[in-house]
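Notes follow once the structure below has been shown.
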Amino acid sequence: MSNKSPATDSLNNNTRDNPASKKTPNMPTNVADGGNKGSLFQKMFRRSVVGIVMILWWILVLYIGHDLILAFTIIIQLLGWKEVINVRYDLNKEKNLPYFRTCSWGILFASMSYVYAKPFLYYFKPALPEYVYKTGLRFARPFSYTLYVCVLLAFILSLKRDTLKYQFTQLTWTLMTTLLVIGQSHFVVHNILGGLIWAVLPHSLIICNDIMAYFWGVAFGKKFIPYSLTPLSPNKTWEGFLGAMVSTLVFGFFLAPYITTSDWIVCPKTSFHSIVMGCDWNPVFLPTDYTLPLFLQNSFGFETTINLLPIQIHALFFALFASVIAPFGGFLASGMKRAYGLDDFSDIFPGHGGLFDRLDCHLLMVTFTYIYVTTFISQAPLTVTGVTSMLYTLSTSEQVVILETLCKNLGYVCTFQ
């Protein structure tokens with residue numbers, strides 16, 4: 001007769017069914033639970049030093065050029081995706097599925113080819129032979145779909161009766177991870193090429209909010225509101241959340257005019273050979289007079305008008321999103337780690353965890369930035385490069401019709417042989 005209690009059986013079953021639990025049996029530690037491995041000062045010091053190094057690295061990256069920034073972005077996406085995929089990796093089962101891991105990477109590359117093929121063809125057009133450019137533009141989507149179909153067939157052929165549940169669970173995990181990481185982060189390419197400001201400002205706000213939430217939480221956590229912000233992260237406090245929000249709003253308002261002072265940051269980069277100098281600045285970067293409401297003029301004696309950059313007002317919306325919505329990306333990551341008994345996704349950054357531990361909030365911010373900018377600031381106007389690229393997809397007879405129409409509208413007499 002077994003002496004095991006029902007609770008013990010439940011724990012054993014959970015450990016047996018959870019692949020991550022075999023690698024990391026301990027739940028994430030936190031200060032509130034007494035799991036800190038060093039003094040609070042040592043943790044703050046290590047976290048601060050690594051944070052400063054990361055910020056300096058971020059500043060350095062901004063000055064190495066758009067092309068290297070794009071390459072750096074792709075590398076980060078690949079590593080972040082790999083960290084999340086590894087959460088459910090079970091060596092004992094995977095060693096009997098030699099090509100199953102390849103299918104996961106195939107899904108990743110099929111997705112990346114779908115979202116990046118055309119944007120990169122447009123960008124590198126000046127450096128590509130015309131035939132290569134036209135062919136690539138025409139067959140970019142068919143290539144992505146063909147790759148997807150090949151991966152799907154390979155997955156189906158790799159199915160084994162003894163591991164069906166594991167394989168389908170891993171397929172679902174791979175699709176979710178690809179949507180979560182690549183589906184959101186690919187917008188960063190559009191943001192960077194639209195002007196480095198749309199990478200610098202939003203990501204700086206996320207970094208500020210993360211740092212200030214930590215220090216506000218350490219200084220005043222649970223002293224005024226004795227509840228955790230979320231049960232997924234017991235160390236996150238309302239004081240840290242609210243203090244960080246106020247700090248980020250102030251930081252964003254004053255950071256915006258400071259960083260919008262050069263063509264390098266403000267101007268878009270339209271192609272591989274284009275130089276980011278001397279563009280016509282978007283009006284949001286130019287000083288504008290705003291009339292204050294009457295109650296502010298009458299009650300506080302403020303001036304009738306105030307001179308601001310419109311980007312400062314937009315920065316407040318970015319800061320609000322970075323403070324209120326973006327942290328939920330971190331809560332999602334915290335829930336994921338708790339579900340699989342992980343402290344961090346990896347230990348690349350001491351005191352900060354892995355790449356995905358740093359990317360969690362940024363993913364939501366990247367998508368918001370793209371949608372906000374294209375909706376309220378620069379509504380993705382047509383460019384000569386974009387129109388020309390669309391013309392290349394037409395047949396010769398259709399191109400002639402368009403050319404005849406242009407000649408007629410411009411008053412020219414055009415002859416074709």
Side-chain angles (χ1 to χ4, degrees), residues 61 64-79 81 102-154 178 181-196 198-199 264 267-279 366 370 374 378 380-407 414-417:
V61 166
I64 64 177
H66 293 69
D67 304 326
L68 291 178
I69 293 176
L70 292 177
F72 184 66
T73 299
I74 299 299
I75 293 173
I76 289 179
Q77 290 177 7
L78 292 173
L79 294 177
W81 180 90
T102 306
C103 292
S104 295
W105 284 98
I107 292 174
L108 171 67
F109 288 121
S111 303
M112 295 187 72
S113 69
Y114 181 82
V115 298
Y116 286 132
K118 285 193 172 182
F120 278 121
L121 282 170
Y122 295 151
Y123 182 70
F124 289 104
K125 179 180 181 295
L128 296 174
E130 185 174 351
Y131 173 77
V132 173
Y133 174 73
K134 290 181 179 180
T135 304
L137 203 61
R138 182 175 183 181
F139 292 102
R141 291 290 184 263
F143 172 79
S144 301
Y145 181 71
T146 301
L147 184 57
Y148 160 74
V149 170
C150 291
V151 173
L152 181 63
L153 295 178
T178 304
V181 178
I182 307 302
Q184 295 185 100
S185 62
H186 83 275
F187 287 115
V188 74
V189 172
H190 300 279
N191 295 342
I192 290 172
L193 296 182
L196 288 178
W198 308 123
W264 179 257
C267 292
K269 195 171 192 299
T270 56
S271 67
F272 179 66
H273 287 167
S274 64
I275 300 176
V276 187
M277 293 297 289
C279 69
V366 162
Y370 175 78
T374 55
S378 59
L382 291 175
T383 63
V384 174
T385 301
V387 173
T388 304
S389 299
M390 288 187 288
L391 290 176
Y392 280 138
T393 62
L394 301 177
S395 65
T396 302
S397 60
E398 290 172 327
Q399 293 178 15
V400 170
V401 171
I402 291 177
L403 188 55
E404 289 175 341
T405 304
L406 287 175
C407 290
C414 301
T415 57
F416 306 98
Q417 296 181 351

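Index from 1, following the sequence. All values reported here derive from a predicted model rather than from experimental measurement.
- The side-chain heavy atoms of L70 and L193, taken from C-beta on, include a pair separated by under 4.5 Å.
- Proximity of a side-chain donor or acceptor of H186 to a complementary backbone N or O of G183 within less than 3.5 Å is detected.
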N/O donor-acceptor pairs under 3.5 Å from side chains in residues 103-115, not counting sequence neighbours:
from: S104; atom 1: OG; to: T174; atom 2: OG1; distance (Å): 3.3
from: S111; atom 1: OG; to: I107; atom 2: O; distance (Å): 2.9
from: S113; atom 1: OG; to: F109; atom 2: O; distance (Å): 3.3
from: S113; atom 1: OG; to: A110; atom 2: O; distance (Å): 2.8
from: S113; atom 1: OG; to: S144; atom 2: OG; distance (Å): 2.9

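- Side chain of Q77 to main chain of S185: a donor-acceptor pair is present (N/O by atom type, distance under 3.5 Å, no hydrogens or angles).
- Side-chain contact between Y123 and K269: present, with at least one pair of heavy atoms (C-beta onward) separated by less than 4.5 Å.
- Side-chain atoms of Y145 and V149, non-hydrogen and from C-beta on, do get closer than 4.5 Å to each other.
- A 4.5 Å side-chain heavy-atom check between W198 and I192 finds every atom pair outside the cut-off.
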Between I69 and L196, is the side-chain contact (heavy atoms from CB on, under 4.5 Å) condition met? List the steps.
CA-CA 10 Å; I69 293 176; L196 288 178; 3.8 Å; yes
Report the C-alpha distance between F139 and F143 in whole Å, list the side-chain angles of each, state the deciding distance to 0.1 Å, and finish with yes or no for ring pair (Phe, Tyr, Trp, His ring centres under 6.0 Å).
CA-CA 6 Å; F139 292 102; F143 172 79; over 10 Å; no
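- Listed here is the closest heavy atom pair of L121 and L137: CD1-N, 3.5 Å.
- Remark: Y148 engages no residue in a ring pair (Phe, Tyr, Trp, His ring centres under 6.0 Å) (not counting sequence neighbours).
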